[in-house]
Amino acid sequence: QVQLVESGGGLVQAGGSLRLSCAASGRSFSSYSMAWFRQAPGKEREFVAAISWSGGTLNYADSVKGRFTISRGNARNTVYLQMNSLKPEDTAVYYCAAKVQLGSSSLHTRYDYWGQGTQVTVSS
């Protein structure tokens, strides 16, 4: 059974940092592109960052560029999101996603597997 499990969310003050982790199991995700999305209450799910299967191509939403960093573990079945200089508007449930076909994407409809999400709350 394919599973993506996120961890690392929590409550942090504005300006602080958090590191999210996503562990994939059930099959090898080393050839899949992976991404982070987020969804705030009453809002649509939005793209945060994506990384290609090799880790050589990174994409970020403009709202997080320079503050967030996406990376993959050595076995490429784990993906991380380092979040620095957090703002209250970063508050959301953060989801990890994996895409089977080659090429990363900022469209959530292109992703095949999803985690259950982890809550990030940034207080002002």
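From a predicted model like this one, the values you see are computed outputs, not experimental measurements.
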Of the non-hydrogen atoms in Met34 and Val79, which two are nearest, and what is the gap between them? CE-CG1, 3.9 Å

Which atom names give the shortest non-hydrogen contact between Gln101 and Asp112, and what distance separates them? N-OD2, 4.4 Å

Taking every non-hydrogen atom, the tightest pair across Tyr95 and Gly115: CD2-O, 3.6 Å

Full working for side-chain contact (heavy atoms from CB on, under 4.5 Å) between Leu18 and Leu86: CA-CA 8 Å; Leu18 282 174; Leu86 282 160; 4.2 Å; yes

Does a donor on one side chain sit under 3.5 Å from an acceptor on the other, for Thr91 and Glu89? no

When rounded to the nearest 0.5 angstrom, what distance separates OG in Ser63 from CZ in Phe47? 9.5 Å

Quick one: does any side-chain atom of Tyr60 pair with a main-chain N or O of Ile70 as donor and acceptor, under 3.5 Å? yes

Any side-chain heavy-atom pair from Arg67 and Asp90 closer than 4.5 angstrom? yes

Main-chain N/O of Thr57 paired with Ser52 side-chain donor or acceptor, under 3.5 Å: yes

Are Val64 and Ile51 grouped together when hydrophobic residues (ILVMFWY) are joined by side-chain heavy atoms under 4.5 angstrom apart? yes

With sequence neighbours excluded, residues passing side chain to side chain contact (heavy atoms under 4.5 Å, CB included) with Ser31: none

Can you confirm whether more than 12 heavy atoms, excluding those of Arg45, are under 6.0 Å from its CZ atom? yes

Residues passing the side chain to side chain contact (heavy atoms under 4.5 Å, CB included) test with Ser71, sequence neighbours excluded, are Tyr80

Measuring from atom OG1 of Thr118 to atom CH2 of Trp36, what distance do you get when rounded to the nearest 0.5 angstrom? 7.5 Å

Share the residues that join Leu102 in a hydrophobic cluster, the rule being Ile, Leu, Val, Met, Phe, Trp or Tyr side chains under 4.5 Å apart at the heavy-atom level. Trp53

Rounded to the nearest 0.5 Å, what's the gap from NZ on Lys99 to OG on Ser33? Could you check? 5.5 Å

Val5: hydrophobic cluster co-members (side-chain, 4.5 Å): none

Contact list for residues 13-22, test side-chain hydrogen bond (donor to acceptor under 3.5 Å, both in side chains), sequence neighbours left out: Ser17-Asn84

Between Arg72 and Gly55, is there a donor-acceptor pair closer than 3.5 Å when you use the side chain of the first and the backbone of the second? no

Taking all heavy atoms of Gln39 and all of Lys43, pick out the closest pair and write down the distance. NE2-O, 3.1 Å

By the ring-ring contact (aromatic ring centres under 6.0 Å, His included) test, which pairs, at least two apart or in different chains, include something from residues 105-124? Phe29-Tyr113, Phe37-Tyr111, Phe37-Trp114

Does Glu6 use its side chain to pair, donor to acceptor, with the backbone of Gly117 at less than 3.5 Å? yes

Nearest-0.5 Å distance, CZ of residue Arg38 to CE of residue Met83: 9.0 Å

Distance-minimising heavy-atom pair for Asn59 and Ser104: ND2-OG, 3.1 Å

Linked, directly or transitively: Leu58 and Val48 (ILVMFWY side chains, under 4.5 Å): yes

Would you call Asp62 and Lys65 a salt bridge, using N to O less than 4.0 angstrom? yes

Within a strict 4.5 Å, meaning less than it, do heavy atoms of the Ser7 and Leu20 side chains meet? no

